[in-house]
Q: 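The structure's right below; bear with me while I get my questions together.
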Amino acid sequence: MRDTRESRLLLVLLVAVAFALITVDIRGGERSPLDGARHAAASAFGPVEKGVAAAVDPFGDAVAAVRDSGDRSRRITDLERENMALKQRLGSDDRNRGRVRDLDAMLKTAGAGQYGIKGAQVIAIGAAQGFSWTVTIDIGSNDGVRRDMTVLNGDGLVGRVTTVAPTTATVLLASDPKFTVGTRMEKSGEIGFAGGQGDNSLRVELLNGKATVHPGDRLVTFGSSKDKPFVPGVPVGEVVHVDPAGGGLTRTLQVRPFVGFSKLDLVGVVVQPPRQDPRDTVLPAKPEAPKPAPTVTVTATPSPSASAQPQD
């Protein structure tokens, strides 16, 4: 349509009519004279709207799916986070269960030897403290710990206290080459001295060069004057090798300590010695040797052959 004076007048007239119809429709409400026309328009254009809606719905579903997938992704992420937390808690619970077992074993050892102990946790290790084989524990003079006290755990002898601060203490481990402790052989009572070798083994010199010793024999601490630095009866280790007797004054043994020095966690400082030497009573009972399986004897009786049958 060309932009003329007539076209502009027509446009103004149409706008005026439209406003008039809107006013009539609003005032008429449900009784509006335009209600029938509105229904007719809906009937005419409804199928078109439905077709357009059907065409648009897949995109709407796709958008909803993306939105839902985002929600699902967040839920999956939340579940994975919760799963990880549960695994960490489970790992923590496993560690706690292990520590409970260690504590129970240590209390049994202390009870068997009648040692009064203060429980402690290893919080640091090693070379930074000036020794090759030391650990720091989280109790000190404020807890009654003093220098030259015996340190043990549920397996046996850990070492001795060398330095004490108000809230911490340093323990020289039995594996250190500068470490020495008097020992007593189980049953025979042979006395010797055990020293660390910087690894997971001890070297023991028995005072009796002719002592009879076998692999598997066990040792405990002999004890010190006034129970410092060592109380008696603490399990030390098990003989793994006996050097040949060379006619010397001593007998040399290689001993595997009961304590695993590389995995120390909970330990106990003996703050009260036993009233009497427990000797071998703190050692755990040896496992029984498996009984040999009974020998089955099968006796076979040969049946008589046909040729051996009597002839008529």
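Atoms considered below: every heavy atom in the structure, side chains included; atoms not considered: hydrogens, waters and symmetry mates. Treat the numbers as computed from the prediction; the structure is a model and nothing was measured. The residues of the chain are indexed from 1 along the displayed sequence.
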Q: Do you know the tightest heavy-atom contact between Ser175 and Asp199?
A: CB-O, 3.5 Å
Q: Is the closest side-chain heavy-atom distance between Asn153 and Asp102 below 4.5 Å?
A: no
Q: Give a yes or no answer on whether the side chain of Thr168 reaches the backbone of Ala165 with a donor-acceptor pair at less than 3.5 Å.
A: no
Q: Is Leu152 reachable from Leu107 through a run of I, L, V, M, F, W or Y residues, each pair having side-chain heavy atoms under 4.5 Å apart?
A: yes
Q: Would you say that Val259 contacts Leu157 through its side chain, given a criterion of any heavy-atom pair below 4.5 Å between the two side chains?
A: no
Q: For Lys210, what residues pass the salt bridge (charged side-chain N to carboxylate O under 4.0 Å, His left out) criterion, not counting sequence neighbours?
A: none
Q: Which other residues belong to the hydrophobic cluster containing Phe258, where Ile, Leu, Val, Met, Phe, Trp and Tyr are joined when side-chain heavy atoms lie under 4.5 Å apart, directly or via other members?
A: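 For the cluster that includes Phe258, the remaining residues are Val220, Leu283.
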Q: Check the hydrophobic clustering (I, L, V, M, F, W, Y; side-chain heavy atoms under 4.5 Å; chains of links allowed) and say if Leu219 and Phe222 are grouped together.
A: no
Q: Check salt bridge (charged side-chain N to carboxylate O under 4.0 Å, His left out) between Asp148 and all other residues, then give those that pass, not counting sequence neighbours.
A: Arg160
Q: Would you give me the side-chain donor-acceptor pairs under 3.5 Å for residues 227-247, sequence neighbours excluded?
A:
| unit_1 | atom_1 | unit_2 | atom_2 | d |
| --- | --- | --- | --- | --- |
| His241 | NE2 | Asp243 | OD1 | 3.2 |

Q: Is there a side-chain contact between Val282 and Tyr115 in this structure, where contact means two heavy atoms from C-beta onward sitting under 4.5 Å apart?
A: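 In short, these two side chains touch, coming nearer than 4.5 Å.
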Q: Do any N or O atoms from the side chain of Asp217 and from the backbone of His214 form a donor-acceptor pair under 3.5 angstrom?
A: yes
Q: Show your reasoning for whether side-chain contact (heavy atoms from CB on, under 4.5 Å) applies to Thr162 and Thr134.
A: CA-CA 9 Å; Thr162 57; Thr134 61; 5.6 Å; no
Q: Taking Asp143 for the side chain and Val145 for the main chain, is one N or O donor matched with an acceptor at less than 3.5 Å?
A: no
Q: Between Leu206 and Ala211, which heavy-atom pair has the shortest distance, and what is it?
A: CD1-CB, 4.0 Å
Q: What pairs with Asn200 under side-chain contact (heavy atoms from CB on, under 4.5 Å), at least two apart in sequence or on another chain?
A: Pro257, Phe261
Q: For a quick test of reading the model, state the closest non-hydrogen atom pair linking Ala110 to Ile117 and the distance between them.
A: CB-CD1, 3.8 Å
Q: Which heavy atom of Val161 sits nearest to which heavy atom of Ala169, and what is that distance?
A: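 Smallest heavy-atom distance, with atoms named: CG1-CB, 4.2 Å.
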Q: Hey, could you give me the CD1/OG1 distance between Ile137 and Thr167, rounded to the nearest 0.5 Å?
A: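 Separation between the atoms: 11.0 Å.
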Q: Which donor-acceptor pairs under 3.5 Å do side chains of residues 182-197 form with protein atoms, sequence neighbours excluded?
A:
| unit_1 | atom_1 | unit_2 | atom_2 | d |
| --- | --- | --- | --- | --- |
| Thr183 | OG1 | Gly192 | O | 3.4 |
| Glu186 | OE1 | Arg218 | NE | 3.0 |
| Glu186 | OE2 | Arg218 | NH2 | 3.0 |
| Ser188 | OG | Glu190 | N | 3.4 |
| Glu190 | OE2 | Asn208 | ND2 | 3.2 |
| Gln197 | NE2 | Ser201 | OG | 3.0 |
| Gln197 | NE2 | Gln254 | OE1 | 3.1 |

Q: Please list all pairs meeting ring pair (Phe, Tyr, Trp, His ring centres under 6.0 Å) that have one or both residues in residues 139-171, counting only residues at least two apart or in different chains.
A: none
Q: Hydrophobic clusters here meaning ILVMFWY residues chained together by side-chain heavy-atom distances under 4.5 Å, can you tell me if Leu202 and Phe179 are in one?
A: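 Looking at the clustering, Phe179 is in the same group as Leu202.
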Q: When you look at Val269 and Thr150, which way does the side-chain contact (heavy atoms from CB on, under 4.5 Å) test go after all the steps?
A: CA-CA 6 Å; Val269 179; Thr150 307; over 6 Å; no
Q: With the 4.5 Å side-chain cut-off for hydrophobic clustering, are Met149 and Leu264 part of the same group?
A: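 Per the 4.5 Å side-chain linkage, Met149 and Leu264 are co-clustered.
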Q: Please name all residues satisfying side chain to side chain donor-acceptor pair (under 3.5 Å) with Thr252, sequence neighbours left out, ordered by chain then number.
A: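 Partners of Thr252 under the side chain to side chain donor-acceptor pair (under 3.5 Å) test: Glu205.
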Q: To check you understand the geometry: which heavy-atom pair defines the closest contact between Ala112 and Pro278, and what is its length?
A: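 Looking at all heavy atoms of both residues, the closest pair is O-CB, 4.4 Å.
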